[in-house]
Protein chains: 2
Amino acid sequence: MQTLLEFMRSHPVGGTLSKNGWGNNDFFGATAKIYKPHSVISRQDDHNDGIFVVKSGWAILYHGLPDGERQIIDTPLRGDIVGFRGVDGPRLASLASITELAVYEISSKELLKAILSQGHLGKKIACSLARLNAILAEHLMNTGRRNAMRRTAHFLLELEERLSMVGLSAHGRYECPLTQYELADILGMTAVHVNRTLRELRKADLVSFKSGYVEVINRKKLVETAGFDSEYLRYR
Amino acid sequence: MQTLLEFMRSHPVGGTLSKNGWGNNDFFGATAKIYKPHSVISRQDDHNDGIFVVKSGWAILYHGLPDGERQIIDTPLRGDIVGFRGVDGPRLASLASITELAVYEISSKELLKAILSQGHLGKKIACSLARLNAILAEHLMNTGRRNAMRRTAHFLLELEERLSMVGLSAHGRYECPLTQYELADILGMTAVHVNRTLRELRKADLVSFKSGYVEVINRKKLVETAGFDSEYLRYR
DNA sequence: CGCCGTTTTGACGTATCTCAAAGAAGGTGG
DNA sequence: CCACCTTCTTTGAGATACGTCAAAACGGCG
């Protein structure tokens with residue numbers, strides 16, 4: 001219990017992750033579990049409590065629909081908290097790894113109990129959830145009111161900003177292991193159309209998405225066509 | 001300060017709102033402010049902290065895009081907490097009333113301070129945010145992976161469930177003051193297409209949306225075409 | 001080298017949007 | 001109680017962004 005409290009207390013809901021030593025595997029005795037690429041960490045509809053904190057690697061949180069389609073809800077990155085629901089009940093989404101993935105897992109019930117006595121915890125969880133809210137709202141605007149170009153541009157900029165905040169992107173270039181199929185399930189499009197859209201973005205000298213890397217070519221123009229404002233990603 | 005604490009402590013993140021006396025205007029000294037229909041309670045990009053708790057009436061939380069379009073993020077209903085961000089900075093969305101609206105307003109800073117010393121508060125806020133997350137995720141599936149019919153059906157069922165939980169819907173019938181334009185901005189469609197979709201839903205004897213009221217006609221078929229599962233709306 | 005997942009391209013189909021205008025419906029003032 | 005105005009709903013005809021289907025090219029990997 002002491003371990004859990006100390007662990008979460010030190011959790012950098014605040015983007016200083018890359019600067020402090022939090023990334024150490026045995027931090028305060030909490031050990032991360034490692035998953036192979038393309039494995040399922042936790043499955044939609046399963047009844048297990050437990051929330052995850054990403055230590056390293058790429059993951060997707062998605063929900064499958066009856067007709068076989070799926071929507072990717074979020075791509076949790078280093079430091080992100082995943083799966084908190086606050087009530088008992090089945091999981092609403094599945095969590096899967098894209099790359100090799102290291103995650104800390106802690107019991108939701110324990111965390112809730114801890115929140116009651118540890119104000120700092122409650123505040124951190126609340127702030128983390130509020131930020132996720134903002135991200136989801138922005139994804140909603142993407143699928144609801146932005147066309148393929150703006151939408152794709154916006155998401156690539158979001159990734160860049162989020163990765164920068166945890167030290168995983170610099171100079172407009174970052175590693176991105178997502179396939180165009182996955183991109184499609186994030187953006188609410190088909191893989192074919194994602195492909196054509198990426199080509200256009202490339203031809204317009206805005207961004208390139210190629211062989212696992214994203215490179216922002218003309219940031220000013222890209223930000224403008226996306227209508228991107230990073231404010232919603234701020235932690236504090 | 002005592003007022004704030006007591007007020008939030010009694011806040012029914014739990015759907016028992018209609019059963020207890022929380023709805024009284026002068027509950028624990030906290031007084032709701034009343035807004036006329038179609039007034040703006042708080043504006044996107046403004047720098048004011050302050051979160052709202054809906055006492056009665058309909059509201060929309062929306063974000064306007066550079067090109068003049070807008071996406072409605074949520075329709076906060078009785079008991080819902082709106083606008084918590086956890087960090088200083090401009091508001092990410094505007095809050096406007098549809099009907100006459102009564103809302104409690106409390107300072108975000110005060111609330112954060114209170115969370116630190118009052119575990120119950122932190123837990124409540126966290127649970128409330130987690131539920132909002134689930135709702136946003138479902139809206140994302142709507143716009144991303146469900147066609148006009150499923151999407152519209154799903155949202156009307158969501159409203160019914162949410163309203164039922166706070167005593168504002170019964171027997172599949174509820175008041176809904178949204179115009180088709182607003183519905184369009186919620187669902188990421190045009191008003192014209194919303195109209196045609198509603199007609200189809202009506203012709204298929206699934207739901208009717210008419211003159212301010214929604215009536216579920218054939219729940220079983222409606223739930224099936226929407227792929228609706230109310231689990232994500234549960235508070236506890 | 002051959003395999004399998006991914007990317008790319010082409011031709012064609014359609015759900016949804018756009019534009020435009022005609023009804024309803026509700027509210028206001030005379 | 002009627003005339004008027006505004007907002008909302010409804011309908012039609014035509015346009016298009018995006019989806020579907022299918023196949024070829026590419027690329028990493030055993």
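Per chain, numbering begins at 1; letters A, B, ... match sequence-line order.
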K.L.:
Would you please test A:R146 and A:E138 for salt bridge (Lys or Arg N to Asp or Glu O under 4.0 Å) and show each step?
P.N.:
CA-CA 10 Å; A:R146 286 198 264 253; A:E138 206 65 48; 2.7 Å; yes

K.L.:
At a heavy-atom distance below 4.0 Å, what parts of residues 196-206 of chain B sit against DNA chain D?
P.N.:
B:R196, B:R199

K.L.:
To the nearest angstrom, how far is A:D67 atom CG from D:dG19 atom P?
P.N.:
14 Å

K.L.:
Report which part of the nucleic acid B:G188 touches: base, sugar-phosphate, or nothing (heavy-atom distance under 4.0 Å, all strands).
P.N.:
sugar-phosphate

K.L.:
Can you identify which nucleotide, out of D:dG12, D:dT20, D:dT9, has its nearest atom closest to the B:N195 side chain?
P.N.:
D:dT9

K.L.:
Can you label the angle between the B:H154 ring and the B:Y232 ring as parallel, tilted or perpendicular, going by 30° and 60°?
P.N.:
parallel

K.L.:
Expected output is a numbered-order residue list: members of residues 175-186 of chain B with a heavy atom under 4.0 Å from any atom of DNA chain C. What is it?
P.N.:
none

K.L.:
Taking only N/O atoms, report every protein-nucleotides 28-30 of chain D pair under 3.5 Å with atom names and distance.
P.N.:
none

K.L.:
Using the C1' atoms of five pairs at each end, what's the angle between the two axes of the helix from C:dC1-D:dG30 to C:dG30-D:dC1, to 10 degrees?
P.N.:
40°

K.L.:
Identify which nucleotide among D:dT10, D:dG19, C:dT16 has an atom closest to any side-chain atom of B:H193, counting heavy atoms from C-beta outward.
P.N.:
C:dT16

K.L.:
Just do the salt bridge (Lys or Arg N to Asp or Glu O under 4.0 Å) check on A:E215 and A:R202 with the steps written out, would you?
P.N.:
CA-CA 10 Å; A:E215 277 186 57; A:R202 174 66 257 240; over 6 Å; no

K.L.:
Could you pull out every donor-acceptor pair under 3.5 Å between side chains of residues 60-68 of chain B and any protein atom, sequence neighbours left out?
P.N.:
from, atom 1, to, atom 2, distance (Å)
B:H63, ND1, B:L92, O, 2.6
B:H63, NE2, B:Q44, NE2, 3.4
B:D67, OD1, B:E69, N, 3.2

K.L.:
Work out which heavy atom in B:R131 is nearest to a heavy atom in B:R234; give both atom names and the distance.
P.N.:
CG-O, 4.4 Å

K.L.:
Below 4.0 angstrom, which residues in residues 145-158 of chain A have at least one non-hydrogen atom near DNA chain D?
P.N.:
A:N147, A:A148

